[in-house]
Amino acid sequence: SVPRESGRFGYSLDIAGGYLIVGQPEHWGGPQGSVEVFRITGNELLRADLFAAPDGNGAPSAQSLGDGFGRSVVGNDYGDVIVAAPFRAPRPGSTATYGGGALYLFR
């Protein structure tokens with residue numbers, strides 16, 4: 001089911017510890033996104049994990065801390081992944097609020 005049309009798959013990327021980490025900040029058709037982790041084996045990428053903001057909500061006006069989840073991703077050689085969700089969704093008729101977001105650590 002991933003990537004989705006207009007989901008911005010590949011908006012953010014990182015390679016760490018033999019894994020490719022791919023951010024898709026609009027995966028659910030709204031401000032909510034996802035992050036996929038692929039194991040690099042030879043010439044293949046094997047999907048190893050899929051992350052979403054635990055407090056997220058896919059509705060465009062949800063104003064969740066998880067909005068923009070996957071806009072920035074960072075991994076390390078120990079298997080940790082840090083994902084930024086930098087804003088809250090706008091209320092209908094307004095713009096996104098930056099600075100109201102969150103960072104998530106997956107181990």
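What you see is a predicted model, and the numbers here were worked out from it, not measured in a lab. The residues of the chain are indexed from 1 along the displayed sequence.
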Heavy-atom closest pair, residues Gly70 and Ser12: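 Smallest heavy-atom distance, with atoms named: O-OG, 2.6 Å.
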Over all atoms of both residues, closest heavy-atom pair of Gly68 and Pro86: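 Looks like O-CD, 3.6 Å.
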Using the side chain to side chain contact (heavy atoms under 4.5 Å, CB included) criterion, which residues pair with Asn76? Sequence neighbours excluded.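 In terms of side chain to side chain contact (heavy atoms under 4.5 Å, CB included), with neighbours along the sequence ignored, Asn76 is linked to Tyr78, Asp80.
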Residues in side chain to side chain contact (heavy atoms under 4.5 Å, CB included) with Tyr11, at least two apart?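 Scan of Tyr11 (side chain to side chain contact (heavy atoms under 4.5 Å, CB included), adjacent residues dropped) gives Arg8, Pro25, Arg71.
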Does Asp14 reach the main-chain N or O of Gly75 with its side chain, forming a donor-acceptor pair under 3.5 Å?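 Yes, the answer is positive, given that a donor and an acceptor are paired below the 3.5 Å cut-off.
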Determine whether Val22 and Ile40 fall in the same hydrophobic cluster, where Ile, Leu, Val, Met, Phe, Trp and Tyr are linked whenever their side-chain heavy atoms lie under 4.5 Å apart.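 Hydrophobic grouping puts Val22 with Ile40.
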Hphob cluster co-occupancy, Ile15 + Leu13, side-chain heavy atoms under 4.5 angstrom: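 Ile15 and Leu13: one cluster.
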For ring-ring contact (aromatic ring centres under 6.0 Å, His included), just list the numbers for Phe69 and Tyr104, CA-CA rounded to whole Å, side-chain angles, deciding distance to a tenth of an Å, and then say yes or no. CA-CA 9 Å; Phe69 183 87; Tyr104 298 88; 5.5 Å; yes
Full working for side chain to side chain contact (heavy atoms under 4.5 Å, CB included) between Val83 and Phe106: CA-CA 8 Å; Val83 180; Phe106 296 90; 4.0 Å; yes
Gap separating the [atom1] atom of [X] from the [atom2] atom of [Y], nearest 0.5 angstrom:
X: Ser34; Y: Asp49; atom1: OG; atom2: CG; value: 11.5 Å
X: Arg39; Y: Tyr19; atom1: CZ; atom2: OH; value: 3.0 Å
X: Thr41; Y: Leu46; atom1: OG1; atom2: CG; value: 4.0 Å

Show your working on side chain to side chain contact (heavy atoms under 4.5 Å, CB included) between Glu36 and Phe9 and close with a plain yes or no. CA-CA 9 Å; Glu36 284 194 82; Phe9 182 82; 3.4 Å; yes
